[in-house]
Each structure stands twice: as structure tokens, then as C-alpha cells.
Amino acid sequence: MTEVRRDPLAIGLGALVCGAGLGGATITLAQLLVKLLQGRLDPDRYRDAAGDPLLAGLLAGVAVAGMFGWRRSRPLENLWQSGVIGVLSTVGALLVGFLAAVADRLLGSPGLIVWGVLSALIGTAASRWAIAGATAGDEGGVMGDGS
């Protein structure tokens, strides 16, 4: 019988960065949507057109970050660690979202788009890293068993 060997560091860090990256990309997308709405609408009509897309995007980004941080860290056997990773993912997503405003100030809309795409790519790569850490021993025999 083969023993499944997991890499808890890859699972934990991968889940954390996955949640922060994908949640930050969601917040950045909301900022881009707000920028587009502000450019097309009069300031007086902006509030009438949408409730508050920035707040909705912020809440969606926090939800995405918590969900992915929690979900990707489930192979860890400690429920407390999965919860902490989910919470830290939301904090990371907020930081990524706030730094998107800096990218917008410095580089404008192209910088905001690049920041969002980069956040999504890093989140996706970290998700793959967490999945690979959870299935590290599933590809074949355990090291040293001669198979």
C-alpha cells in the first residue's frame, strides 16, 4: 500500500497566494469598472446608475479570496490552519486591491489592466502549486520503495 505524501508548505502558501491573487484580481476588476463608469457618466448620474460597484467588487473580492484560500487549504488536516489561511487570503486580497489604486495613479488604465491580469495569473499558478502539494504522492510510488 502506498502512502500519500503531502507538502503542507506548498498547500498552505499556494492556498494563501491563490486566494490573495484571485481576490485581488476581482477587486481590481471592480476598480476598472468604476473607472469606466466614471468616464462615461456625469458625476451627478453616476450614483443613480449603479449602487456602488466599488463596494460590491470589494465584497466580492473578499469572498473570492476567502473561498479560494479555504478551499485550496482543505487538504491540510488541521481545520484551524485552513481558517487562518482563508482569513489571511482576504487580507492579502485587500492589499492587492489597494495596490491596484497605486498602479492606476502611476500608469492609468493600462497599469490597472496589467495589475489585474498579473494578479489573476499569480493566483492561478499558486492554485496549481497548492493542488500539486496536495497530490504530491499520488503520481506513483513513494520514494525509496523501488517502484
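Side chains are part of it too, since the values below use all heavy atoms of this structure and drop only hydrogens, waters and symmetry mates.
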Legend entry - Close side-chain approach of Ile85 to Leu13, heavy-atom, < 4.5 Å: no
Legend entry - Side chain proximity check, Leu58 to Leu94, heavy atoms < 4.5 angstrom: yes
Inset, instruction - Is it possible for you to say whether Trp80 and Leu76 belong to one hydrophobic cluster, with membership spreading through side-chain heavy-atom contacts below 4.5 Å? - result: yes
Inset, instruction - Would you kindly confirm whether Leu22 and Met67 end up in one hydrophobic cluster when ILVMFWY residues are joined by side chain heavy atoms under 4.5 Å apart? - result: yes
Inset, instruction - Sort out for me which residue in Leu54, Asp52, Leu29 forms a side-chain contact (heavy atoms from CB on, under 4.5 Å) with Val34. - result: Leu54
Atom of [X], atom of [Y] and distance for their closest heavy-atom approach:
{"X": "Gly116", "Y": "Ala25", "value": "O-CB, 3.7 Å"}
{"X": "Thr28", "Y": "Ala100", "value": "OG1-CB, 3.4 Å"}
{"X": "Gly24", "Y": "Val96", "value": "CA-CG1, 3.6 Å"}
{"X": "Gly111", "Y": "Ala103", "value": "O-CB, 4.0 Å"}
{"X": "Ser89", "Y": "Gly69", "value": "OG-CA, 3.5 Å"}
{"X": "Ala130", "Y": "Ala15", "value": "CB-N, 3.7 Å"}

Inset, instruction - Under the salt bridge (charged side-chain N to carboxylate O under 4.0 Å, His left out) rule, collect the residues that match up with Asp7, sequence neighbours excluded. - result: none
Nearest 0.5 Å, please: how far is [atom2] in [Y] from [atom1] in [X]?
{"X": "Ile122", "Y": "Leu118", "atom1": "CD1", "atom2": "CG", "value": "4.0 Å"}
{"X": "Gln31", "Y": "Leu36", "atom1": "CD", "atom2": "CG", "value": "12.0 Å"}
{"X": "Ile27", "Y": "Leu59", "atom1": "CD1", "atom2": "CG", "value": "9.0 Å"}
{"X": "Leu88", "Y": "Gln81", "atom1": "CG", "atom2": "CD", "value": "11.5 Å"}
{"X": "Ser73", "Y": "Ile11", "atom1": "OG", "atom2": "CD1", "value": "9.0 Å"}

Does [X] use its side chain to pair, donor to acceptor, with the backbone of [Y] at less than 3.5 Å?
{"X": "Arg72", "Y": "Cys18", "value": "no"}
{"X": "Trp115", "Y": "Ala101", "value": "no"}
{"X": "Thr90", "Y": "Ala65", "value": "no"}

Legend entry - Qualifying salt bridge (charged side-chain N to carboxylate O under 4.0 Å, His left out) pairs with a residue from residues 25-37, counting only residues at least two apart or across chains: Lys35-Asp104
Legend entry - Residue pairs fulfilling salt bridge (charged side-chain N to carboxylate O under 4.0 Å, His left out) with at least one residue in residues 10-31, sequence neighbours excluded: none
